Enquirer: 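Structure incoming, see below.
Source: prediction; values computed, not measured. The residues of the chain are indexed from 1 along the displayed sequence.
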Amino acid sequence: QAILPPRFCDLLVSLNIGDKAKSLHINSGHVQATFESGLRLFSRTVDDFNVAKYEGSFNNILGDSKGKGAEIPKGLESSLDRALILNTTETTFAVKDGKLRLTSKSQMGEVKDVLTFAGHPEITAVVTPRVIRRGLSFCERMRIVQDRCLMMTGPGFSYMVSQVAPDTK
């Protein structure tokens with residue numbers, strides 16, 4: 001396990017569009033991706049990585065929701081794309097009665113979508129659609145934690161987005 005720098009991940013995803021990645025090797029201290037064209041992308045990993053310490057830092061945020069979630073609803077990618085067309089920086093995710101209701105607003109207008117989202121508790125959170133969209137294609141399950149974060153997981157992969165806002169209480 002390793003923590004990869006965000007810029008490496010962004011480059012890996014961008015390059016993979018036109019030149020498919022063949023392999024990804026993660027070693028102590030560095031990571032290397034090799035593409036079909038022969039291109040190699042290198043980066044250092046985060047130093048002094050300690051899995052227990054890293055996971056423990058999120059326990060107070062995720063609580064008992066860690067490792068759980070529901071299947072990502074069909075149509076979420078298109079819903080996020082519509083939000084991005086509006087150039088919005090925030091989208092409200094509200095789960096109720098097995099439905100995920102997304103509301104995005106900007107000066108250009110408003111977009112509302114309703115998707116089936118069975119197996120997730122009722123909850124509301126405000127998220128950044130661009131950041132969620134970036135990791136969506138790698139994930140299969142999603143967990144929303146009240147007013148705090150959204151966690152998506154896939155095979156051997158976790159993507160957590162934390163929404164930081166001033167406390168209004």
Side-chain angles (χ1 to χ4, degrees), residues 1-62 65-93 100 102 104 106 108 111 113 115 117 120 125-145 148-165:
Q1 294 181 344
I3 300 176
L4 304 179
R7 184 65 181 140
F8 176 85
C9 296
D10 290 343
L11 286 169
L12 180 62
V13 170
S14 296
L15 291 169
N16 193 56
I17 293 170
D19 188 6
K20 297 297 178 196
K22 288 185 356 180
S23 65
L24 180 67
H25 298 284
I26 301 173
N27 298 311
S28 179
H30 70 279
V31 60
Q32 173 186 324
T34 305
F35 295 85
E36 288 179 350
S37 69
L39 175 73
R40 294 186 299 168
L41 177 65
F42 296 92
S43 180
R44 290 180 184 245
T45 58
V46 175
D47 290 338
D48 299 324
F49 178 67
N50 179 313
V51 175
K53 184 177 178 183
Y54 183 76
E55 288 179 347
S57 65
F58 294 106
N59 284 345
N60 63 337
I61 295 172
L62 297 175
S65 67
K66 185 173 180 256
K68 298 179 184 175
E71 186 175 324
I72 291 177
K74 290 179 177 33
L76 182 58
E77 184 175 344
S78 296
S79 295
L80 292 172
D81 287 344
R82 282 189 286 280
L84 292 172
I85 288 170
L86 286 181
N87 199 30
T88 185
T89 58
E90 293 183 343
T91 296
T92 300
F93 279 39
L100 172 61
L102 294 92
S104 304
S106 77
M108 297 173 61
V111 173
D113 284 295
L115 306 170
F117 195 39
H120 196 287
V126 178
V127 299
T128 306
R130 183 171 316 282
V131 177
I132 302 302
R133 177 66 177 86
R134 183 170 52 189
L136 189 62
S137 62
F138 303 102
C139 300
E140 298 168 351
R141 301 186 68 76
M142 179 169 72
R143 178 73 180 178
I144 303 167
V145 180
R148 292 201 180 126
C149 69
L150 184 141
M151 184 166 205
M152 298 185 298
T153 57
F157 179 79
S158 294
Y159 184 67
M160 184 171 147
V161 177
S162 178
Q163 184 72 19
V164 179

Enquirer: Could you tell me which residues satisfy side-chain hydrogen bond (donor to acceptor under 3.5 Å, both in side chains) with N87, sequence neighbours excluded, listed by chain and number?
Expert: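 In terms of side-chain hydrogen bond (donor to acceptor under 3.5 Å, both in side chains), with neighbours along the sequence ignored, N87 is linked to no residue.
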Enquirer: If the condition is side-chain hydrogen bond (donor to acceptor under 3.5 Å, both in side chains), which residues does S37 pass it with, not counting sequence neighbours?
Expert: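 Result, side-chain hydrogen bond (donor to acceptor under 3.5 Å, both in side chains) vs S37: D19.
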Enquirer: How would you list, by chain and number, every residue that makes a ring pair (Phe, Tyr, Trp, His ring centres under 6.0 Å) with F138, sequence neighbours excluded?
Expert: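 Checked F138 against ring pair (Phe, Tyr, Trp, His ring centres under 6.0 Å); matches are F157.
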Enquirer: Are a donor atom and an acceptor atom from the side chains of S104 and T91 found within less than 3.5 Å of each other?
Expert: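 Yes, a side-chain donor-acceptor pair sits under 3.5 Å.
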Enquirer: Rounded to the nearest 0.5 Å, what separates atom CZ in R141 from atom CD1 in I72?
Expert: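 Those atoms lie 9.5 Å apart.
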Enquirer: Ignoring hydrogens, what is the shortest heavy-atom contact between G135 and C139? Give both atom names and the distance.
Expert: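 Smallest interatomic distance, heavy atoms only, reads O-SG, 3.3 Å.
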Enquirer: Taking all non-hydrogen atoms of both residues into account, name the closest pair between G75 and L115 and its distance.
Expert: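 Minimum heavy-atom separation between G75 and L115: C-CD1, 3.9 Å.
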Enquirer: Give me the atom names and distance for the closest heavy-atom approach of R82 to V111.
Expert: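 Scanning both residues, the minimum pair turns out to be CB-CG1, 4.0 Å.
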Enquirer: Once you round to the nearest 0.5 Å, how far does CG of N16 lie from CD of E36?
Expert: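 N16 CG to E36 CD: 8.5 Å, rounded to 0.5 Å.
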Enquirer: Could you list the residues that satisfy side-chain hydrogen bond (donor to acceptor under 3.5 Å, both in side chains) with E77, not counting sequence neighbours?
Expert: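 Expected list: R133.
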Enquirer: Strictly distance-based, threshold 3.5 Å: is any side-chain N or O of T88 a donor or acceptor partner for the main-chain N or O of E90?
Expert: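 Judged by distance alone, yes, a pair lies under 3.5 Å.
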Enquirer: What's the spacing between L76 CG and D81 CG if we round to 0.5 Å?
Expert: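 Here the interatomic distance stands at 9.5 Å.
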Enquirer: Which pairs pass salt bridge (charged side-chain N to carboxylate O under 4.0 Å, His left out) with one or both residues in residues 20-32, sequence neighbours excluded?
Expert: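 Qualifying pairs: none.
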Enquirer: For a quick test of reading the model, state the closest non-hydrogen atom pair linking F93 to L102 and the distance between them.
Expert: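 Smallest heavy-atom distance, with atoms named: CE1-CD2, 3.5 Å.
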Enquirer: Go through the structure and list residues passing side-chain hydrogen bond (donor to acceptor under 3.5 Å, both in side chains) with D10, not counting sequence neighbours.
Expert: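 Expected list: R134.
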Enquirer: Looking at every heavy atom in both L100 and M142, which two are closest together, and how far apart are they?
Expert: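 In this case the closest contact between L100 and M142 is CD2-CE, 4.0 Å.
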Enquirer: Just checking Q32: does its CD atom have more than 12 heavy atoms from other residues, nucleotides or ligands closer to it than 6.0 angstrom?
Expert: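 Enclosed.
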Enquirer: Is any side-chain heavy atom of R143 closer than 4.5 Å to one of H120?
Expert: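 Heavy-atom side-chain distance check passes, below 4.5 Å.
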Enquirer: If we ignore hydrogens and angles and just use 3.5 Å, is the side chain of H30 paired with the main-chain N or O of F42 as donor and acceptor?
Expert: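 No, because the side chain of H30 does not come within donor-acceptor range (under 3.5 Å) of the backbone of F42.
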Enquirer: For L41 and L12, which heavy atoms make the closest approach, and how far apart are they?
Expert: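 Looking at all heavy atoms of both residues, the closest pair is CD2-N, 3.8 Å.
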Enquirer: In Å, rounded to the nearest 0.5 Å, how long is the span from CG of L84 to OG of S106?
Expert: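 One finds 10.5 Å between CG of L84 and OG of S106.
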